[in-house]
Amino acid sequence: MTDILRSWIGGALPDWLIVLIAYLLVTTIVLFYAVGNFIMMVWAERRVVARMQDRLGPNRVGPAGLLQPIADAVKMFTKEDIVPRNADRWVHLLAPIVALAPVAMMLAVIPWGRGWEPVDLNVALLYMVAVSAVSGVGLMMAGWGSNNKFALLGAMRAVAQLVSYEIPAVTALLTVVILAGGMSLLELPYMQAGVPIMGATILCGDPAGCSPLLYSTITSFPGSPNEPVQALDLGLGWWVFTPVGFLGFLVFFIAALAEGERTPFDIPEADSEIVAGYMTEYSGMKFATFYIAQYILNFALSALAATAFLGGWQGPGVAALANMGGPWVHVAAALSAFYLLAKIWILFFVMIWLRGAFPRLRVDQLMDFAWKLLLPLALVNIVSASLMVGLTQWTSAQWGGLISLDGFAPWQRQLIAVLVTAIINIAAAYWILAINQRPKQVEWDEEELIAAS
Amino acid sequence: MTTEIQTETTEAQTTRGKVYVIDRGRTKLRAGQGLLTGLEVVFRHFRDALTRKLEKPSQQTGVFTVQYPEERLKLPEAFRNFPILLYDDETGQELCTSCFQCQRICPPQVIHMTQARDPATGKPVPAVAEFLIEYDACMSCGLCAEVCPFDAIKMDHEFEYSTDVHGGLTLNKEALNRPISYYEKIAPTFWAEVKDSAMKKLQGNMKRRPDLIGVAPQMVEKIRAQRAAAAAQAPSPTPATPEAAPADKAARLAAARARAAEKAAEATPEPAPDSAPIDKAARLAAIRAANAAKKAEGAADEVAAPATDSAPTDKAARLAAIRAANAAKKAAAEGAPAAGSADFASTPSDAAPAADAAPPASGMPADKAARLAAIRAADAAKKAAAEGAAPASDAAPPASGMPADKAARLAAIRAANAAKKAAAQRDGSEE
């Protein structure tokens with residue numbers, strides 16, 4: 001964006017102003033993109049969950065009820081803004097802002113399309129995790145500032161849930177860091193090029209005879225000694241197709257549901273049981289701000305899950321269009337942006353689907369699930385991810401002579417790694433599920449008991 | 001992982017009605033299989049809700065929403081909301097005879113009615129003059145419809161009555177009236193069950209309703225026009241015309257009855273000389289009735305008969321004949337007392353013209369009215385005379401051109417007035 005502005009009005013304005021305008025523009029676009037998606041998500045959620053319950057959902061305002069979010073917004077704007085008399089006025093006011101701001105900040109580092117990233121941060125994953133944790137402070141402020149014991153209890157439950165689920169979420173993301181060899185979100189989609197399961201390991205034998213529509217240049221691992229290679233690229237080398245990525249994705253997505261307070265983890269604001277938890281004392285636009293924050297958090301977490309495990313903007317045709325060069329690069333960028341959006345929406349659909357299907361967990365079940373199931377699985381997955389990297393990337397010297405895979409072709413090494421990690425992950429999953437089974441109920445033999453007594 | 005679940009349930013007919021057997025799938029599910037089964041069920045609902053509507057109860061999936069103002073479910077026949085009144089489509093005659101059964105049984109007492117009366121005689125007729133139901137307090141119990149012996153009041157299917165005008169929910173007869181065809185449409189089998197008896201009863205009641213009494217207010221104009229049209233059609237020479245034939249027949253019947261009455265009057269033994277005028281009067285009435293009947297017959301032959309005359313003439317003729325016969329019988333039966341009362345007014349001789357000239361709606365025998373009037377006049381005159389007032393002579397029955405009973409009543413009123421006046425004058429002079 002900065003470059004485009006420079007080329008247009010480079011001479012007329014000082015460079016710092018151009019940079020400022022460029023970033024303001026990018027920020028505006030990203031925020032509008034997110035809010036537009038938020039509006040569509042509210043509508044889609046109501047429509048889809050209605051169909052799951054054999055209903056029609058909102059269908060009166062505008063065609064197919066599409067203007068329903070607008071009507072809701074008008075309603076929200078016209079509502080009275082109530083502040084409890086003994087509330088901490090400033091904390092009460094700031095809480096929704098503190099909840100929304102970090103969520104909006106998360107959007108800054110996500111690569112929305114091929115070459116469409118607002119900020120290239122080399123610790124983007126760390127930034128995401130750190131910033132998303134801040135919104136917990138907003139929830140606590142809301143509960144505390146309301147001067148309402150139920151709001152405070154709700155806030156404490158919400159924060160306890162956020163903190164609990166951050167650990168499996170971050171541990172699951174750690175597998176991505178291990179696989180990618182870095183924390184840059186920008187690099188992730190490029191690394192998920194190739195074909196399912198095998199990734200970018202099917203190399204071009206004859207560099208002259210490989211069509212640029214099928215093969216593209218891949219740098220498999222940042223800092224790896226391997227040279228860039230020409231590999232078969234269908235844009236489907238998503239990590240979710242490998243055992244490590246699959247388990248990591250499952251754990252991360254479930255944890256993201258809890259962080260985004262989606263059913264079955266919507267305990268903090270369980271609308272059918274408690275009075276919206278920490279949002280009890282909020283009305284009008286402040287309430288709407290929490291609502292927006294929650295949906296945009298879901299949007300950002302879906303985008304993160306899609307980028308980390310589902311290839312981000314990667315998809316069939318993107319690399320081919322990009323390799324054609326010239327104006328096709330922009331078409332590739334648009335197509336890639338569409339792919340990412342489609343993945344986000346599929347994940348969002350799954351969220352709605354889960355909401356339609358599952359009841360809410362109890363608090364103890366919630367904690368059990370995080371600490372007894374998700375965290376062990378994520379920890380095992382870190383081992384698997386390390387093995388995966390070792391088996392596919394490390395040279396014999398790096399292994400210290402323990403294992404020598406130097407003679408194998410990349411696809412052979414990938415296959416070995418996939419098999420090994422699959423065995424480890426499946427075995428671990430079975431084992432962890434087995435030890436989490438409810439203890440068998442002892443069947444008392446009544447006659448024996450009577451005889452004994 | 002997921003278990004097989006049949007999309008459709010099976011229906012089984014048992015002695016206790018239809019039973020829907022739902023396959024619940026496998027019950028033993030382990031390690032997340034239940035979660036996946038749940039997801040599968042929900043997705044099936046989602047997919048089917050996009051493509052089809054829930055139409056029969058054995059279907060498990062599909063949209064069940066009915067978008068009410070645009071879409072409506074077919075109401076069952078036995079659905080009931082508020083009562084309505086029925087009238088016959090062709091004749092416009094209301095089925096209600098104002099028997100007050102519904103008013104009596106109505107638990108919240110929201111039904112009110114007035115019986116119709118013959119305007120000429122003041123006697124009640126089996127029809128309802130006004131009918132009010134307060135829909136706002138109606139509890140839709142349907143007891144009125146159940147109790148109605150004439151199937152005149154039925155429960156409607158219409159339920160959209162919300163309004164901001166409270167009084168607008170008190171409906172009068174015109175608002176309550178619906179044609180039978182409407183009820184037949186909403187409850188065909190229910191109407192078929194009672195149709196024959198209801199129509200038979202209506203035919204019977206129609207005979208006792210003079211003129212347009214008992215015709216639904218919204219149908220009055222139409223029926224009047226229909227009758228006029230029927231009258232215009234009647235003169236057509238072909239007796240096949242349904243309107244012309246009865247008129248002709250009625251006229252002939254009237255004549256025959258009049259003749260029979262005449263014979264009967266002649267045949268009665270004459271015990272006293274006083275009875276002669278009675279006999280004479282009866283004969284006169286019979287002759288006049290026969291004349292009227294003849295006239296009706298003649299009118300039927302005329303091509304350019306006045307439009308409104310034909311039907312009334314026929315009816316009037318029949319009526320006159322019947323009355324004449326009645327008067328003759330009565331006169332014969334009463335004998336001496338009737339003759340005795342002839343001192344005050346020339347009752348029997350006037351009875352025949354009275355019967356003849358009486359409006360067709362008249363239910364009371366004219367001679368009785370005339371007698372009553374005469375008695376009243378005499379009383380007034382006596383009273384006036386006793387009080388010493390001069391103008392008592394006014395009480396004498398005047399102009400014979402007027403129908404006797406009317407004249408007599410007029411005379412009585414005048415006499416009474418005169419007496420009062422006299423009394424007032426006397427009071428004034430005393431003071």
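Here the structure is a predicted model, which is why all the values come from computation and not from measurement. All chains are named by letter (A, B, ...) in the order of the sequence lines, taking the proteins before the strands, and each is independently numbered beginning at 1.
Side-chain atoms of B:Thr163 come within 3.5 Å of backbone atoms of B:Val165 as a donor-acceptor pair (strictly under, hydrogens ignored).
Between B:Glu134 and B:Leu169, the closest side-chain pair of non-hydrogen atoms is not below 4.5 Å. Contact annotation: the side chain of B:Cys96 never approaches that of B:Ile153 to less than 4.5 Å [non-hydrogen atoms, C-beta and beyond].
Heavy atoms of B:Leu54 lying under 4.5 Å from chain A are absent altogether. Contact annotation for A:Asn436: neither backbone nor side-chain heavy atoms come within less than 4.5 Å of a heavy atom of chain B.
B:Asn81 and B:Glu158 share no donor-acceptor pair across their side chains, judged by distance under 3.5 Å alone. Checked by atom type, the side-chain pair A:Asn381/A:Ser384 shows no donor-acceptor distance below 3.5 Å. Between the side chains of B:Asp136 and B:Tyr161, no donor N or O sits under 3.5 Å from an acceptor N or O.
Atom CG in B:Asp89 sits 6.5 Å away from atom CD1 in B:Ile180 (nearest 0.5 Å). Between the CD atom of B:Glu90 and the CD1 atom of B:Ile223 there is a distance of 9.0 Å, given to the nearest 0.5 Å.
Taking a cutoff of 4.0 Å between a charged side-chain nitrogen and a carboxylate oxygen, B:Glu70 and A:Arg60 qualify as a salt bridge.
Residues of residues 346-356 of chain A that come within less than 4.5 angstrom of chain B, heavy atom to heavy atom, are A:Phe349, A:Trp353, A:Leu354, A:Gly356 in numerical order. Taking non-hydrogen atoms and a 4.5 Å limit, the residue list of residues 36-54 of chain A in contact with chain B, ordered by number, reads A:Val48, A:Arg51, A:Met52, A:Gln53, A:Asp54.
The aromatic rings of B:Phe159 and B:Phe79 stand perpendicular to each other, their planes meeting at an angle above 60°, with 30° marking the opposite boundary.
Ranked by heavy-atom pairs under 4.5 Å with chain A, the first of B:Leu50, B:Val42, B:Thr65 is B:Val42.
In this structure, B:Lys154 forms no cation-pi arrangement with B:Trp191, as its terminal cationic atom is not both closer than 6.0 Å to the ring centre and no more than 45° off the ring axis.
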